[in-house]
Amino acid sequence: MIKIKSLSKHFGNINALDNLNLDIRKGELLGLIGPNGAGKTTAIRIISCILKPDHGDVLVDGCSILEDPLRIKSMIGYLPEEPNLYERFKAYDLLKYFGELYGMPKDKIEPRIDELLELVGMSKRAQHKINTFSKGLRQRIGIARALIHDPEIIIFDEPTMGLDPATSNTIRKFIASLKGEKTIILCTHYMDEAEELCDRVAILNQGKILDLGTPDYLKSKIHGETILKLKIKDIDNIQPRIIKKFESVENVSIIGDQVLVSLSSGEEICNIIELFENNVLSVNTKEPTLEDVFIQRVK
Amino acid sequence: MHSLVITKWEFKNTLSSKKFITIFLLQVSILILMIIFFNSFMGNIEPGKNVALTPSLTGFASIDVVDNENLFEKQLNPDILKINRMNYSIAYNRFKNNKTTGLLIVPSDALEKIDRYETLNLSLFVNYNDPKRSVVKSEVDSASKSLSSIITNEWLKEISPENLTQPSVEQTEQGEPLPLQIINKVMIAILLFLPLFLFGNMVIDSIVGEKERKTAEILMAMPLSPSNIILGKSLAIIITIAFQVILWMIILLSAGFNIKNAILVYLLVILTSIPIIGITSMIAAYCKNYKEAGIGISFIYIGIVGFLVVPALAYLSGSTRASTISPMTLVMKLFSGETISTTDLVIPILIIIVVSLISYSISIQLFKRDDVVFGPRPSLFRLFFEFIGILSLIKYIKSKIL
């Protein structure tokens, strides 16, 4: 559905994207994760034809962003990080305005607005002005705006950023409900969100894809089966290379006063703990998460 | 089609904006106040009410006169000279102490000399330190000529017993005096063109506001071309101007101003608003915030006002050469009911078309650039060098060398 070919973009001396290649399948929900400045927003802005690449191209359903940007734009629903809506508009009028801008037939706009307002739970606020809405309500209207023309592709840039847990949960459920029907690109900083929603996840850093795959694949690829978490008294004296001598140890990282040891099996756990003698304050084991993968890959 | 959707919603929002309605009502109130003040001013300077439009010269220079017979003093112009009649000794002392510009001494036997048909010699002392001396000399010359003429007439009356009748000129007044015409024309023209400069902030709000509020991102993600966006927004403001100008014209006509060819005048004013909004859009498309755009339009509007007003003033002062370039001159000629030549019509309209095409093209090109809309914004020099192709040339040379 979307084919990103050798995409590069720089702003001044900063390389935002560096020869990025990626294929996104039809009906797939692809997560883009990466630290701040990794190039996620630049990538989705180029796919949405908001920015022009310095090099490379993106083919959306066979159309090039360089040659047919208007057609591609009409296929995409884009929700930026901040909803940035027109404050003076009433919610209903805003959706009508964008419906008209997308060239929707007049008789289809109003039923679609009613349907979307119902879907995002904003029917009762339809005649309220945007400037009276909280961030969560604005984000809901932003989602309705992005979906007004029933696009085949939806791009969400940090849709739950800065929202309270209840609103975030509502939006996540809504995104999950679109899965399979639409091709979705989801940029997020929340690893649990990516893990919960995405079919595949691409880890981006410094404009390049570090890894790509299903969350399970990424977890299994980077870590083993188990992560051993040890809280140690004299953390400064710990030498990771000694721990790495064990056969089942795949990776060792020190975060704060904790040592995280990735293990392919749990057979040597006791031997590892014995290494620290009486300095161990607490011991935990956990299944690896996407967050662990992210920290490992990006550090 | 997309442009019209933007125009419709921008116009709808403008009309429903409380801020706009308040400003609009304030502008109408100011217009009405201006008309009231103008009418009262014109009432005061109507001929016959002793109010002159030129600066007064009363008492411009002073002259002391020693004229016992009071023969000459009456002939001097008191509107220009401050005349002091006094005896010789005081007058001479004043002159010596530079207290007067001139001293005129008429002989004490002046009447007798006239009766005897003898030449009457006057003495005029002039203070050469005073730059107003030439006025005194000229006034004394005129007064002596006038006195000579009176004496000659008296002699002629004595020669012919019947009173000689002087030919008289009957004067019929028609139309307004020239200064009033000028004031009227300038006033109407200024009031008609004023709304064109009152909407700069709306253009800024409409275009720069998209960047400041970050709504440009969603607008650029819509299936719209930059030309749709710029033209749609500009058209909404031109419609608002058209709406305001028509209202102002109705108020002016109701207040008794004489506007001939009102429809043509209206169309020409609206036509003039197109390049003005184009130039404002161009500035707004480049600027990254309201403050910068506000400074930009302040400077550019001074230039535009100069371009409109200076040729119009040249036309009022009788110069015809450069005056035709300004649409304001054409509007003045139209509402005064003057005959319009092809040159009068073609030159300003051609300028309007050319400036509109250039300004809108630049605005659209600027809005097409993601670095101008989202940053980091290129400098004006860089844009200029890109435009004239220097950067491409440097790139080409670099690629050849490397």
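Computation of the quantities below employed the complete heavy-atom set of this structure, encompassing side-chain atoms and omitting hydrogens, waters and symmetry-equivalent molecules. Order of the sequence lines sets the chain letters (A, B, ...), proteins ahead of strands, with each chain counted from 1. For clarity, every value in this text was computed on a predicted model and none was experimentally measured.
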Inset, instruction - For atom NZ of Lys3(A), decide whether the heavy atoms of other residues, nucleotides or ligands shown that lie under 6.0 angstrom number more than 12. - result: no
Legend entry - Contact summary for Ala221(B) and Tyr102(A), nearest pair of heavy atoms: O-OH, 4.3 Å
Inset, instruction - Report yes if some heavy atom in the side chain of Glu100(A) is under 4.5 Å from a heavy atom in the side chain of Ile6(B); otherwise report no. - result: no
Inset, instruction - Check the surroundings of atom CZ in Phe307(B): do more than 12 heavy atoms from other residues, nucleotides or ligands lie under 6.0 Å from it? - result: yes
Legend entry - Any side-chain heavy-atom pair of Phe11(A) and Asp371(B) under 4.5 Å: no
Legend entry - Pair Tyr86(A)-Glu210(B), side-chain donor/acceptor within less than 3.5 Å: yes
Legend entry - Pairwise distance CD1(Ile218(B)) to CG(Leu94(A)) - rounded to 0.5 angstrom: 7.0 Å
Inset, instruction - Mark yes when over 12 heavy atoms from residues, nucleotides or ligands other than Lys108(A) sit less than 6.0 Å from its NZ; otherwise mark no. - result: no
Inset, instruction - May I ask you to name which of His149(A), Lys96(A), Met75(A) has the most heavy-atom pairs under 4.5 Å with chain B? - result: Lys96(A)
Legend entry - Nearest atoms (heavy-atom pairs only) where Glu217(B) meets Ile50(A): O-CD1, 3.5 Å
Inset, instruction - Go through the atoms of Phe89(A) and report whether side chain, backbone, both or neither lie under 4.5 Å from a heavy atom of chain B. - result: side chain
Legend entry - Close side-chain approach of Leu101(A) and Leu224(B), heavy atoms under 4.5 Å: yes
Inset, instruction - Indicate yes or no for a side-chain donor-acceptor contact from Lys52(A) to the backbone of Lys368(B) under 3.5 Å, with no hydrogens or angles considered. - result: yes
Legend entry - Ile14(A) atom CD1, over 12 foreign heavy atoms within 6.0 Å: no
Inset, instruction - Inspect the surroundings of NZ in Lys208(A) and state if more than 12 heavy atoms from other residues, nucleotides or ligands are less than 6.0 Å away. - result: no
Legend entry - Under 3.5 Å: donor-acceptor pair, side chain of Lys73(A), backbone of Met220(B): yes
Legend entry - Value rounded to 0.5 Å, distance of OG1 in Thr215(B) from CG in Asn84(A): 7.0 Å
Inset, instruction - Taking atom NZ of Lys135(A) as the centre, report whether more than 12 heavy atoms of other residues, nucleotides or ligands fall under 6.0 Å from it. - result: yes
Legend entry - Residue pair Arg45(A) / Phe374(B), side-chain heavy-atom distance below 4.5 Å: yes
Legend entry - Closest-packed option against chain A by number of heavy-atom pairs under 4.5 Å, given Arg213(B), Lys12(B), Lys214(B), Met222(B): Met222(B)
Inset, instruction - Kindly compute the distance separating OH (Tyr97(A)) from CG (Asn13(B)), expressed to the nearest 0.5 Å. - result: 8.5 Å
Inset, instruction - Might you confirm whether atom CD1 of Ile263(B) has over 12 heavy atoms from other residues, nucleotides or ligands at distances under 6.0 Å? - result: no
Inset, instruction - Could you tell me the separation between the CG atom of Asp205(B) and the CZ atom of Arg88(A), rounded to the nearest 0.5 Å? - result: 6.0 Å
Legend entry - Which atoms of Arg71(A) approach chain B - backbone, side chain, both or neither, heavy atom under 4.5 Å: neither
Inset, instruction - Let me know if Lys90(A) has heavy atoms under 4.5 Å from chain B in its side chain, its backbone, both or neither. - result: neither
Inset, instruction - May I ask you to check whether over 12 heavy atoms, not counting those of Glu292(B), lie within 6.0 Å of atom CD? - result: yes
Inset, instruction - Provide the closest heavy-atom pair for Ser225(B) versus Leu70(A) in the form atom of the first, atom of the second, distance. - result: N-CD2, 4.1 Å
